[in-house]
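Letters A, B, ... mirror the listed sequences (proteins, then strands); counts begin at 1.
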Amino acid sequence: TRSQIRMSRYFSNN
Amino acid sequence: MFEARLTQGALLKRLLDSVKELVTDANFDCSETGISLQAMDNSHVALVSLSLRAEGFNPYRCDRGFSLGVNLNSLNKIMKCAGNEDVITLKADDSSADSLCLLFENSSNERVSEYELKLMDIDQEHLSIPETDYDATVMMPSAEFQRICRDLMVVSESVTIDVSKDEIKFTAEGELGTGNVKLKPTSTIDKPEESITIELGQTVSLQFSLKYLSNFTRGTPLSDQVMLCLSDNMPLLVEYKMDIGYIRYYLAPKVGD
């Protein structure tokens with residue numbers, strides 16, 4: 001099944 | 001001292017409504033330039049970012065930057081005590097904010113109610129989201145996007161969005177069968193709120209969870225139009241613009257097998 005990756009993998013931590 | 005008075009108090013109710021299903025606790029970051037909020041859902045695959053400009057309030061006063069940690073369910077309960085036509089004022093002491101004062105005034109100023117909401121310490125991850133040139137940017141009526149999400153949920157829990165120069169296509173495949181909705185660009189000069197525009201760098205095809213997308217469509221009452229921005233391997237951006245600012249939702253695409 002296809003799944004979603006956590007946002008922090010796309011956008012860096014401030 | 002922090003004080004923000006919003007003549008159109010109903011807007012605050014609608015904003016809260018568009019966030020509270022996705023997030024339970026959030027920090028309202030207050031600064032000279034306005035109020036912003038960034039929060040992720042429990043699974044960290046969706047993010048909501050809200051920005052309200054200081055100029056949208058009358059008056060707006062914030063001497064220094066600070067955060068109001070709010071349980072959105074509690075805030076919602078208090079906001080239900082405000083009338084739809086009420087003017088809403090938010091007040092807090094920026095040096096030791098342990099509560100948020102909410103003042104509701106009716107239009108004739110005869111009835112004033114005041115509530116204090118206890119604040120909490122919320123330690124939340126804050127992500128920096130860069131300005132992005134998306135492969136595809138689609139503007140469409142927000143009610144249409146809401147309807148498509150609602151309709152396709154009948155078929156599947158996922159939707160594939162394909163954008164080309166001359167159409168945006170939403171496809172769902174499920175156990176009972178399949179469904180798709182195709183929209184072509186239209187420009188209605190006399191009714192800009194009904195127009196559909198597609199700006200395309202390159203074609204995109206991405207799959208998303210409909211549960212989250214339909215959650216995002218709680219922002220529909222905030223704007224006639226919604227903007228969808230897509231790029232390969234990037235979270236989808238769903239934006240509702242308001243006179244006073246914007247609400248942006250981000251959703252990670254479904255990837256892998």
Side-chain angles (χ1 to χ4, degrees), chain A, chain B residues 22-23 27 29 36-49 65 67 123-132 134 156-161 172-175 205-213 215 229-237 248-257:
Chain A
T1 58
R2 291 157 71 88
S3 59
Q4 294 134 295
I5 301 171
R6 290 164 71 95
M7 276 296 156
S8 52
R9 293 281 294 275
Y10 296 103
F11 302 128
S12 61
N13 249 301
N14 246 356
Chain B
L22 202 64
V23 177
N27 282 317
D29 299 316
S36 66
L37 174 154
Q38 188 199 92
M40 282 183 275
D41 75 304
N42 278 335
S43 58
H44 284 212
V45 299
L47 182 147
V48 57
S49 167
S67 291
D123 187 21
Q124 260 171 357
E125 231 182 315
H126 197 274
L127 303 180
S128 74
I129 300 169
E131 285 295 316
T132 306
Y134 286 93
S156 172
E157 60 183 31
S158 301
V159 63
T160 301
I161 305 179
E173 294 177 14
E175 282 177 19
S205 177
L206 289 163
Q207 194 182 52
F208 300 98
S209 155
L210 273 171
K211 184 186 77 176
Y212 282 102
L213 290 186
N215 202 325
C229 300
L230 302 98
S231 272
D232 204 22
N233 262 313
M234 283 291 290
L236 163 75
L237 163 59
R248 291 177 181 159
Y249 301 95
Y250 294 86
L251 179 62
K254 290 197 167 191
V255 290
D257 280 309

Minimum side-chain heavy-atom gap F11(A)-H126(B) below 4.5 Å |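 Contact flag for F11(A)/H126(B) side chains = no.
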
So do the side chains of S8(A) and H44(B) get within less than 4.5 Å of each other, counting heavy atoms only?
-> no

Answer yes or no: does atom CD of Q124(B) have more than 12 heavy-atom neighbours from other residues, nucleotides or ligands under 6.0 Å?
-> yes

Has N13(A) got more than 12 heavy atoms of other residues, nucleotides or ligands less than 6.0 Å from its CG?
->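 Counting other residues, nucleotides and ligands, CG of N13(A) exceeds 12 neighbours.
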
Checking [X] against chain A: side chain, backbone, both or neither under 4.5 Å from a heavy atom?
| X | answer |
| --- | --- |
| S158(B) | neither |
| Y250(B) | both |
| M40(B) | side chain |

Which of the residues L127(B), L251(B), L47(B), I129(B) is involved in the greatest number of heavy-atom pairs with chain A at under 4.5 angstrom?
-> L127(B)

Nearest heavy-atom pair of G256(B) and R2(A): which atoms, and what distance?
->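 Closest approach of G256(B) to R2(A), heavy atoms only: O-CG, 2.7 Å.
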
Atom pair CE (M7(A)) and CD (Q38(B)), whose distance is rounded to the nearest 0.5 Å | 10.0 Å

